[in-house]
Amino acid sequence: QVQLVESGGGLVQAGGSLRLSCAASGSIFSINAMGWYRQAPGKQRELVAVIASGGSTNYAGSVKGRFTISRDNAKNTVYLQMDSLKPEDTAAYYCNVEEVTGWGTEIGYWGQGTQVTVSS
């Protein structure tokens, strides 16, 4: 079982920055992809950014050039540096981690979510 603890959300003015962190702990065999999703009120959850175990990244078009995802494999932690924040970035942000078990099974885990609010 893997537990995810997120931190770093908050209230910021437009143009500001925030850094989200998500640390995975528990009986971890191996972690594959790590990513961030967000969900605004009344909207579906959407992918923000994902980083593979080898370091390749993928971003939603709306955040490309403003957000940077990174990971520390030694700490089983993924980060999301968010710069030039806009009011439309306001949402609950969720960490997602794909664990690969010793049997080769992939299991996805979600964090509890952290709120990001950007004021205009």
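Given the structure is predicted, the values throughout are model-derived calculations rather than measurements. We use all heavy atoms of the structure for the numbers below, so side chains are in, but hydrogens, waters and symmetry mates are not.
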Quiz item: Run the side-chain contact (heavy atoms from CB on, under 4.5 Å) check on Trp36 and Cys22 step by step: do they pass?
Solution: CA-CA 9 Å; Trp36 290 94; Cys22 173; 3.6 Å; yes

Where [X] and [Y] come nearest, the two heavy atoms and their spacing:
{"X": "Ala40", "Y": "Ala91", "value": "N-CB, 3.8 Å"}
{"X": "Met34", "Y": "Asn76", "value": "CE-O, 3.8 Å"}
{"X": "Val116", "Y": "Met82", "value": "CG2-CE, 3.8 Å"}
{"X": "Val2", "Y": "Ala24", "value": "CG1-CB, 4.0 Å"}

Self-check item: Candidate pair Arg71 and Tyr79, rule side-chain contact (heavy atoms from CB on, under 4.5 Å), full reasoning
Solution: CA-CA 6 Å; Arg71 63 192 284 171; Tyr79 306 95; 5.8 Å; no

Rounded to the nearest 0.5 Å, what separates atom [atom1] in [X] from atom [atom2] in [Y]?
{"X": "Thr114", "Y": "Leu20", "atom1": "OG1", "atom2": "CG", "value": "6.0 Å"}
{"X": "Thr68", "Y": "Arg19", "atom1": "OG1", "atom2": "CZ", "value": "10.5 Å"}
{"X": "Leu18", "Y": "Phe67", "atom1": "CG", "atom2": "CZ", "value": "9.0 Å"}
{"X": "Gln13", "Y": "Thr117", "atom1": "CD", "atom2": "OG1", "value": "13.0 Å"}
{"X": "Gln1", "Y": "Glu99", "atom1": "CD", "atom2": "CD", "value": "8.5 Å"}
{"X": "Ser21", "Y": "Leu80", "atom1": "OG", "atom2": "CG", "value": "9.5 Å"}

Practice problem: Report yes if the distance between the aromatic ring centroids of Tyr37 and Trp110 is under 6.0 Å, otherwise no. | Solution: yes

Quiz prompt | Any side-chain donor near an acceptor of the partner, Thr77 and Asp72, under 3.5 Å | solution = no

Exercise. Would you kindly say whether Glu98 and Asn96 are connected by a side-chain donor-acceptor distance under 3.5 Å?
Key: no

Practice problem: Decide whether Leu4 and Ile107 are clustered together by the hydrophobic rule: side chain heavy atoms of Ile, Leu, Val, Met, Phe, Trp, Tyr closer than 4.5 Å, transitively. | Solution: yes

Quiz item: Among Val50, Ile69, Ile51, which one satisfies side-chain contact (heavy atoms from CB on, under 4.5 Å) with Tyr59?
Solution: Ile69

Quiz item: Between Ile31 and Val100, is a side-chain contact (heavy atoms from CB on, under 4.5 Å) present by the stated rule, with each step listed?
Solution: CA-CA 6 Å; Ile31 292 178; Val100 179; over 6 Å; no

Exercise. Test Tyr93 against every option in Gln115, Arg38, Glu6 by the side chain to side chain donor-acceptor pair (under 3.5 Å) rule and name the one that passes.
Key: Arg38

Practice problem: Dump the intermediate steps for side-chain contact (heavy atoms from CB on, under 4.5 Å) on Ser17 and Gln81, then the final yes or no. | Solution: CA-CA 7 Å; Ser17 299; Gln81 177 66 41; 3.9 Å; yes

